Trainee: 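Have a look at this one.
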Amino acid sequence: MTIDLPYAADAEVSLTYDELEVLRIQHEKELAQGHVTVQTKFNYAWGLVKSPMREHQVEGVRLLQEIYRQEASRRRECLYYLALGHYKMGNFEDAKRFNAVLLSNEPTNMQAQSLGALIEKGVAREGYIGMAIVGGVAAVGTLLLAGLVRRARR
């Protein structure tokens with residue numbers, strides 16, 4: 001019996017440009033004042049991780065890692081978005097690691113379970129692509145070898 005998990009919608013849904021811009025302006029305003037609150041940094045990181053743009057995702061993950069290291073009370077909420085950010089960037093091993101930590105603390109967290117399933121699909125897809133590349137290289141190699149053998153016979 002399969003159980004339908006709530007979809008990790010954060011993996012596919014991005015903020016609008018205007019929504020992300022509000023978070024960026026708030027972050028920059030606080031940065032200019034010399035103190036960025038943890039909530040502002042988290043909100044901005046959250047928006048960046050949800051972005052379809054890789055450079056945004058990289059910056060979001062960097063900010064989340066800072067929060068994770070500096071604010072023990074915020075680690076739990078950082079774990080999911082760190083896993084999500086790494087998943088979206090194709091860093092499946094890092095995504096699995098962060099998601100596993102979250103699931104070890106919250107085994108019934110259905111959003112993390114759903115993200116785990118997406119990560120596993122990504123790993124499988126990456127494996128299939130790797131196999132296709134190896135198969136293609138082998139086919140080209142075989143054709144080149146056959147051409148050399150044919151030339152050597154002449």
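Everything numeric in this text was worked out from a predicted model, so none of it was measured.
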Trainee: Taking the basic N atoms (NZ, or NE/NH1/NH2) and the acidic carboxylate oxygens, is any pair closer than 4.0 Å for E66 and R62?
Mentor: yes

Trainee: If you take all heavy atoms of T16 and E19, which pair is closest and at what distance?
Mentor: N-OE1, 2.8 Å

Trainee: Can you measure from SG (C78) to CD1 (I67) and round to the nearest 0.5 angstrom?
Mentor: 5.0 Å

Trainee: Nearest 0.5 Å, please: how far is CD in E106 from CD in Q111?
Mentor: 10.0 Å

Trainee: Going by heavy atoms in the side chains, are V61 and M89 under 4.5 Å from each other?
Mentor: yes

Trainee: Considering non-hydrogen atoms only, spot the tightest contact between L63 and A45 and give its length.
Mentor: CB-CB, 3.7 Å

Trainee: Not counting sequence neighbours, which residues clear ring pair (Phe, Tyr, Trp, His ring centres under 6.0 Å) with H56? List them please.
Mentor: none

Trainee: Show which side-chain atoms of residues 93-103 pair as donor or acceptor with protein atoms under 3.5 Å away, not counting sequence neighbours.
Mentor:
unit_1: D94; atom_1: OD1; unit_2: R97; atom_2: NH2; d: 3.0
unit_1: N99; atom_1: ND2; unit_2: A112; atom_2: O; d: 2.9

Trainee: Quick one: CD on E28 to CD on Q33, what's the gap to the nearest 0.5 Å?
Mentor: 12.5 Å

Trainee: Which is it for K29 and R24 under the side-chain contact (heavy atoms from CB on, under 4.5 Å) test, yes or no, and what are the steps along the way?
Mentor: CA-CA 8 Å; K29 177 182 164 190; R24 185 191 65 77; over 6 Å; no

Trainee: Less than 4.5 Å apart, side chain to side chain, heavy atoms only: is that true for H27 and V36?
Mentor: yes

Trainee: Do I25 and F42 belong together in a cluster built from hydrophobic side chains that touch within less than 4.5 Å?
Mentor: no

Trainee: Determine, step by step, whether Q39 and N43 satisfy the side-chain hydrogen bond (donor to acceptor under 3.5 Å, both in side chains) criterion, reporting the C-alpha distance in whole Å, the side-chain angles of both residues, the deciding distance to 0.1 Å, and the verdict.
Mentor: CA-CA 6 Å; Q39 190 62 50; N43 291 347; 2.7 Å; yes

Trainee: Side-chain contact, heavy-atom cut-off 4.5 Å: Q26 with Y44?
Mentor: no

Trainee: Look only at the side chain of Q57 and the backbone of S51, and say whether a donor-acceptor pair between them is shorter than 3.5 Å.
Mentor: yes

Trainee: Specify the closest pair of heavy atoms between G47 and L15, including all atoms of both residues, with the distance to one decimal.
Mentor: CA-CD1, 3.5 Å

Trainee: Check whether any side-chain heavy atom of L23 sits under 4.5 Å from a side-chain heavy atom of W46, and report yes or no.
Mentor: yes

Trainee: Taking V58 as the starting point, is it possible to reach Y87 by hopping between hydrophobic residues whose side chains are less than 4.5 Å apart?
Mentor: yes

Trainee: Under 3.5 Å, is there a donor-acceptor pair between the side chain of K88 and the main chain of K50?
Mentor: yes

Trainee: Atom CD of E71 and atom NZ of K41: how far apart are they, to the nearest 0.5 Å?
Mentor: 8.0 Å

Trainee: V38 and L79: same hydrophobic cluster, using ILVMFWY side-chain contacts below 4.5 Å?
Mentor: yes

Trainee: Restricting to non-hydrogen atoms, name the atom on R76 and the atom on N109 that form the minimum distance, rounded to 0.1 Å.
Mentor: NH2-ND2, 3.4 Å

Trainee: Tell me whether the guanidinium CZ or amine NZ of R74 lies under 6.0 angstrom from the six-membered ring centre of Y68 and within 45° of its axis.
Mentor: no

